[in-house]
Amino acid sequence: MALASNSPRANIEDKISYHPGWKESFSVIIGGDQVTAGKPSPEIFLEAAKRLNSDPSSCLVIEDSIPGVMAGKAAGIEVVAVPSLPKQSHLYTSADEVINSLLDLRPEKWGLPPFQDWIEGTLPIEPWHVGGPVIKGFGRGSKVLGIPTANLSTEGYSTLLSEHSSGVYFGWAGLSTRGVYKMVMSIGWNLYFDNTEKTIEPWLLHDFNEDFYGEELRLVIVGYIRPEANFPSLESLIAKIHEDREIAERALELPLYSKCRDDPYLKSALPVGDSHL
């Protein structure tokens, strides 16, 4: 792998020094001050391919900027774009593929070795936490979709949400007065309904007899299923959500994920003596 950036080489070195192992992952690192013309000129990618002893046509460029996509294509290289800003994929039409995040990268589509960490349709991620009182949502979960989501306020979580790509995730949910349940959730703008802000919409995989607005809900997110997508019909959206549920329910039985139901973050929300359900 090569890292080719318009940033000066010293800036690149400084940034990646904060991430152990990153520098060693790249066989070649080239900064914008090491070529005569930066992106959208193809020079930096042609030089990277040369230093990798590879023909440009056998390489793959992964880019987040439009000038980078232009540079890759001008170099005769296939380009996968990961737009750095939300809802901007329509600007990257010259790329060979546009994906929502690096979680969705499939190297095997481009003749490269596949990632080995997917398991039963899910991608394990470093667990992260989010919680707060359950609030009234958009009124569409139960009424329109027949899927009762327990919406969380995003107040105070804007930074956290910006760090996680939109898409469908799963994990464990702890309700302060009830217990711990399997859950599947979406993060994003819900393209079918075209939300104006990024939201968290978890679906607790249990049949409750009543609403629990105002109760403390804590989530441990342990895995990723798929990117956020738009659907041609409400029926196809509902079918996909139920497919997500089946994937999450099966995966959460695996030891890799089931161990996280004992996460202290969930237990701290429960009353003394409460047990997992």
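Remember, predicted model here, so these are calculated numbers, not experimental data.
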Exercise. Are H206 and F208 close enough that their ring centres sit under 6.0 Å apart?
Worked result: yes
Exercise. What distance separates L52 CG from E47 CD, expressed to the nearest 0.5 Å?
Worked result: 10.0 Å
Exercise. Of the non-hydrogen atoms in P227 and N100, which two are nearest, and what is the gap between them?
Worked result: CB-CB, 4.1 Å
For this session: Could you please spell out the steps behind the side chain to side chain contact (heavy atoms under 4.5 Å, CB included) verdict for S258 and E253?
Result: CA-CA 6 Å; S258 64; E253 293 295 325; over 6 Å; no
Problem set entry | Student check: side-chain heavy atoms of E63 and K39 closer than 4.5 Å | yes
Seminar exercise, completed: The side-chain contact (heavy atoms from CB on, under 4.5 Å) partner of V79 among V69, L60, V98 is V69
Problem set entry | E120: partners by salt bridge (Lys or Arg N to Asp or Glu O under 4.0 Å), with sequence neighbours left out | none
Seminar exercise, completed: Here the pair of heavy atoms bringing Y257 nearest to L123 is OH-C, 3.7 Å
Problem set entry | Closest non-hydrogen atom pair, A4 against I44 | CB-CG1, 3.9 Å
For this session: Answer yes or no: is there a donor N or O on one side and an acceptor on the other, between the side chain of D64 and the main chain of P83, under 3.5 Å?
Result: no
For this session: Taking the side chain as every heavy atom from C-beta outward, state whether V61 and F45 have any atom pair closer than 4.5 Å.
Result: yes
For this session: State plainly whether the residues D96 and K73 are in salt-bridge range, i.e. N to O under 4.0 Å.
Result: yes
Problem set entry | Contacts of E246 that satisfy salt bridge (Lys or Arg N to Asp or Glu O under 4.0 Å) - sequence neighbours left out | none
Exercise. Among pairs that include at least one residue of residues 100-134, which meet ring-ring contact (aromatic ring centres under 6.0 Å, His included), considering only residues two or more places apart or in two chains?
Worked result: W128-H164, H129-Y265
Seminar exercise, completed: Heavy-atom nearest pair, A71 first then S41, reads CB-O, 3.3 Å
Exercise. Under a 4.5 Å cut-off applied to non-hydrogen side-chain atoms, are E13 and K23 in contact?
Worked result: yes
Exercise. Is there side-chain contact between I30 and R9, with heavy atoms separated by less than 4.5 Å?
Worked result: no
For this session: With sequence neighbours excluded, tell me which residues meet side-chain hydrogen bond (donor to acceptor under 3.5 Å, both in side chains) with E243.
Result: K240
For this session: Could you check if a side-chain atom of R178 sits within less than 4.5 angstrom of a side-chain atom of E215, using non-hydrogen atoms only?
Result: yes
Problem set entry | Linked, directly or transitively: L205 and L237 (ILVMFWY side chains, under 4.5 Å) | yes
Exercise. Can you name the residues that form a side-chain hydrogen bond (donor to acceptor under 3.5 Å, both in side chains) with Y224, not counting sequence neighbours?
Worked result: D104
Problem set entry | Separation between CD1 of I200 and CD1 of I135, rounded to the nearest 0.5 Å | 9.5 Å
For this session: Report yes if the side chains of L252 and M183 come closer than 4.5 Å at any heavy-atom pair, otherwise no.
Result: no
Seminar exercise, completed: By salt bridge (Lys or Arg N to Asp or Glu O under 4.0 Å), E43 pairs with (sequence neighbours left out) none
Exercise. Which heavy atom in V220 sits nearest to a heavy atom in P127, and how many Å separate them?
Worked result: CG1-CB, 4.2 Å
Seminar exercise, completed: Output for pair (S166 OG, I187 CD1), nearest 0.5 Å, gives 8.5 Å
Exercise. Shared ILVMFWY cluster between V28 and L46, side chains joined below 4.5 angstrom?
Worked result: no
Problem set entry | Hydrophobic cluster identity match, L91 and V82, side-chain contacts under 4.5 Å | no
Problem set entry | Step-by-step side chain to side chain contact (heavy atoms under 4.5 Å, CB included) determination, R250 to I247 | CA-CA 5 Å; R250 284 196 306 269; I247 292 172; 3.8 Å; yes
Exercise. Going hydrophobic residue to hydrophobic residue with side-chain gaps under 4.5 angstrom, can you get from F170 over to I119?
Worked result: yes
Problem set entry | Joint cluster assignment, I62 & F26, ILVMFWY side-chain distance < 4.5 Å | no
Exercise. Would you call Y92 and I66 a side-chain contact if the rule is heavy atoms closer than 4.5 Å?
Worked result: yes
Problem set entry | Inter-residue atom distance I241.CD1 - W203.CH2, 0.5 Å rounding | 7.5 Å
Exercise. Below 4.5 Å, heavy atoms only, C-beta onward: do L204 and L175 meet side chain to side chain?
Worked result: yes
For this session: Please check if the side chain of Q116 supplies one atom and the backbone of P114 the other of a donor-acceptor pair under 3.5 Å.
Result: yes
Seminar exercise, completed: Heavy-atom nearest pair, L266 first then C260, reads CD1-O, 3.9 Å
Exercise. Hey, does the side chain of S58 reach the backbone of S54 with a donor-acceptor pair shorter than 3.5 angstrom?
Worked result: no
For this session: Any chance you could lay out the side chain to side chain contact (heavy atoms under 4.5 Å, CB included) test for I225 and V184, step after step, and finish with the verdict?
Result: CA-CA 9 Å; I225 296 176; V184 64; 4.1 Å; yes
Problem set entry | Inter-residue atom distance I221.CD1 - E126.CD, 0.5 Å rounding | 12.5 Å
Problem set entry | Approximate separation, where rounding is to 0.5 Å, of D244 CG and Y169 OH | 13.0 Å
